Every structure is written in C-alpha cells, then in structure tokens.
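Contents: one structure, followed by commentary.
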2 protein chains.
Amino acid sequence: MAETKERDSATTESSTGEISLGKYLASIRKDRKLSLRAVEERTKKQVSNAYLSQIENDQIKQPSPNTLNALAELYEISLEKLMVKAGYITPSSKRKSGERHGRVATFAEHNLTPEEEQELMDYLEFMRSRKK
Amino acid sequence: MAETKERDSATTESSTGEISLGKYLASIRKDRKLSLRAVEERTKKQVSNAYLSQIENDQIKQPSPNTLNALAELYEISLEKLMVKAGYITPSSKRKSGERHGRVATFAEHNLTPEEEQELMDYLEFMRSRKK
DNA sequence: ATAGCGCGCTTGATATATCAAGCACCTTCT
DNA sequence: AGAAGGTGCTTGATATATCAAGCGCGCTAT
C-alpha cells in the first residue's frame with residue numbers, strides 16, 4: 001500500500017522532462033530505419049528482438065548497462081543518456097533544464113572523438129550527480 | 001567457441017591479473033575496518049550485509065552498477081575498476097595500436113578532484129575497450 | 001487465393017540480484 | 001554463569017532481466 005509502482009509512464013517526464021527510455025529508444029530505432037530483428041542481428045544477439053520490444057514499451061524497468069551500451073553503440077547515441085533514463089543515475093544536481101553546457105576542447109589532447117567527448121562530459125555529470 | 005561459464009574459485013585472475021571482485025572488495029572493507037553491517041548502514045541500506053557477504057564470497061556474478069557505485073563511493077575507489085572486475089567491461093583490446101595515455105591535467109578546468117580525474121580516465125579506457 | 005516473408009509483439013521458462021530473518025560463534029559486560 | 005551485543009554467514013522469498021518460441025498481421029509475389 002505504501003507505494004504502488006504503476007504510476008508511470010507512457011510519457012514519463014522524469015528528470016529532464018524527456019520521454020521514457022523505451023519511447024526514446026523506439027524513436028531512434030525508427031529513425032535509423034531498423035527493425036527489431038535487425039537490431040538483434042546488428043548487436044550480435046546482445047539484444048533480442050523480443051526483449052527490445054519490451055524495452056521500447058517500457059515493460060523493462062532497468063536494462064543492464066551491457067544492453068544499453070549495445071544499443072548506444074549501434075544507434076551512436078550517448079550511453080550515459082540511456083543510463084540516466086534507465087534510472088541508474090539520480091537526477092539530483094542536474095543542469096538547468098535544456099541547457100547546453102560549455103565545451104571541453106581540452107579533451108582533444110587525448111584524441112577524443114566528438115562522441116567520446118560527449119560521453120565523457122555526460123559521465124562527469126553522472127559522477128557528480130552520484131556524489132550528492 | 002562459446003565461453004563456458006566458469007565459476008572458478010577464490011583467486012580469479014581475470015582482466016588485470018588481479019583478484020576477484022569479491023576478494024578485492026573484502027580486502028578493502030577490512031582495510032577500512034568496517035563490518036558488513038557498518039557498510040550496510042553507511043550506504044544507507046543500498047547494500048545489505050547479507051548481500052555484501054555474498055558478493056565478497058563471489059556468489060554474486062554481477063552486482064548492479066548502483067551497488068558497485070555505492071561501494072566505490074564508500075571505499076573511495078574507482079567505480080570503473082569495479083565495473084571491470086564485475087565483467088561489465090571487456091578487458092580485450094586494451095591496446096589498440098600501442099596507445100598509451102598520459103595525464104589529463106587539462107581536466108582541471110572542470111574543477112575535477114583527483115578522484116574524478118582518475119575515474120574519468122578509467123572511463124575513457126572503458127569506452128575505448130568497448131569500441132571494439 | 002495462398003504461400004511466403006517480414007513485421008511488432010506476447011508469453012513461458014530460466015537465471016540472477018537483492019533482502020529480511022535467522023543461525024552459530026565470539027567478546028565483553030554484570 | 002548468563003545477558004547483550006557484535007561478527008560473518010546462510011537461506012527462503014521475491015523481483016526482475018533476458019531469451020526462445022510462437023502468434024497474428026500486413027505485405028508482396030506467384
């Protein structure tokens with residue numbers, strides 16, 4: 001009675017006021033014009049079509065980092081963004097809404113690709129939100 | 001070709017040739033002079049004493065990132081190191097083409113603490129090892 | 001029409017993470 | 001001595017992730 005779990009979320013506007021993990025992943029997959037089974041193959045069976053379907057319909061609460069990573073790589077999106085949406089990261093000290101923060105050009109000294117740079121920045125936020 | 005799931009014993013020298021996750025965590029806890037229940041309390045129940053015991057005895061294969069993070073923070077060790085030991089990160093291609101990294105002093109522009117810097121560097125390796 | 005294929009989806013089964021409750025043992029007290 | 005409390009540990013119960021197998025539907029083709 002204390003807490004009913006099901007007040008979720010067809011449209012979960014949790015931390016950043018964004019859509020749910022499932023809807024987000026679904027929209028991206030469609031953008032990439034991939035079928036569920038295509039994703040299954042391209043991820044070398046790391047994510048089955050059945051499972052992806054459940055994820056996209058928000059029937060899975062917290063896919064493992066491995067799963068999220070496989071999808072992030074295939075779709076070429078930020079792993080940490082998925083980690084946030086999956087609830088691994090507490091949205092405590094999140095940035096002000098919708099604000100793009102400064103760049104980290106100095107990361108270039110490590111031959112970071114733009115994606116790596118973005119991921120590192122996301123990860124920094126991740127760490128700091130946890131530190132709270 | 002399949003990797004048989006081996007549940008070998010106490011001294012698992014996997015990725016970095018180090019001890020298993022459980023033994024590693026146990027040694028650190030003792031170093032910090034904390035009891036299982038003390039850890040339970042200090043992590044605000046994020047890790048129960050029963051569960052920690054299982055982890056330390058390698059009865060748990062892959063604790064969640066949340067759990068690992070709680071321990072990493074309490075012990076003040078690298079989360080990514082635990083992620084490696086937990087098997088979230090494949091220790092395959094550490095060297096892509098004789099690549100080695102230097103320091104990342106420039107991270108200081110983001111007011112990184114030494115720990116954050118270390119974690120970011122670990123995480124960079126994490127990303128790159130994942131990238132194939 | 002019908003055979004086939006691709007699509008998203010459902011479901012049963014299995015593996016595993018996680019914890020509350022308890023147990024056996026060991027130190028101090030009084 | 002016994003109570004009280006600390007220690008690591010075990011276990012039964014519960015929740016959840018994950019997949020193989022299958023379903024029904026819409027397309028093309030014959």
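Quick caveat, the model's predicted, so the values are computed rather than measured. Every chain is numbered from 1, with letters handed out A, B, ... down the list of sequences.
Nearest to the side-chain atoms of A/Ala50 among the listed nucleotides D/dA17, D/dT10, C/dT11 stands C/dT11. Side-chain proximity of B/Gln62 to D/dC9, C/dA17, C/dT11: nearest is C/dA17. The side chain of A/Asn57 has C/dC9 as its nearest neighbour among D/dC19, C/dA17, C/dC9.
If you take CD1 of B/Ile60 and C1' of D/dC9, they are 13 Å apart, rounded to a whole angstrom. Rounded to a whole Å, the CD atom of A/Gln54 is 10 Å from the P atom of C/dT11. Atom NZ in A/Lys44 sits about 14 Å away from atom P in D/dC19, given to the nearest Å. Remark: P of D/dT16 and OH of A/Tyr88 are 13 Å apart, rounded to the nearest angstrom. Between A/Ile55 atom CD1 and D/dT16 atom P there is a gap of 15 Å when expressed in whole angstrom units. Taking atom CG of B/Leu52 as the reference point, atom P of D/dC9 lies 10 Å away to the nearest angstrom. As rounded to whole Å, 12 Å separates atom C1' of D/dA21 from atom NZ of A/Lys45.
No engagement by A/Glu56 is indicated, since no non-hydrogen atom pair under 4.0 Å with the nucleic acid exists.
Listed by residue number, the members of residues 25-42 of chain A with any heavy atom below 4.0 angstrom from DNA chain D are A/Arg37.
Summarising the geometry, atom CG belonging to B/Leu82 is positioned 7.0 Å from atom CG belonging to B/Leu71; distances are rounded to the nearest 0.5 Å. Note that CG of A/Leu34 and CD1 of A/Ile28 are 11.0 Å apart. Values are rounded to the nearest 0.5 Å.
At D/dT10, one or more side-chain N or O atoms of B/Gln59 fall inside 4.0 Å of OP1 or OP2 (strictly under the cut-off).
Taking only distance into account, the side chain of A/Asn49 meets the base of C/dC9 through a donor-acceptor pair shorter than 3.5 Å.
When side chains are defined from C-beta on, B/Gln46 does not count as touching B/Leu74, because their heavy atoms never get closer than 4.5 Å. Between A/Leu21 and A/Ile60 there is no side-chain heavy-atom pair separated by less than 4.5 Å.
Residue B/Glu56 is tested with B/Lys30, B/Lys23, B/Arg29 for a side-chain hydrogen bond (donor to acceptor under 3.5 Å, both in side chains); the sole match is B/Arg29.
When the side chain to side chain donor-acceptor pair (under 3.5 Å) test is applied to A/Thr67, the partners found at least two apart in sequence or on another chain are A/Ser64.
Identified under the salt bridge (charged side-chain N to carboxylate O under 4.0 Å, His left out) test for residues 35-49 of chain A, with sequence neighbours left out: A/Glu40-A/Lys45.
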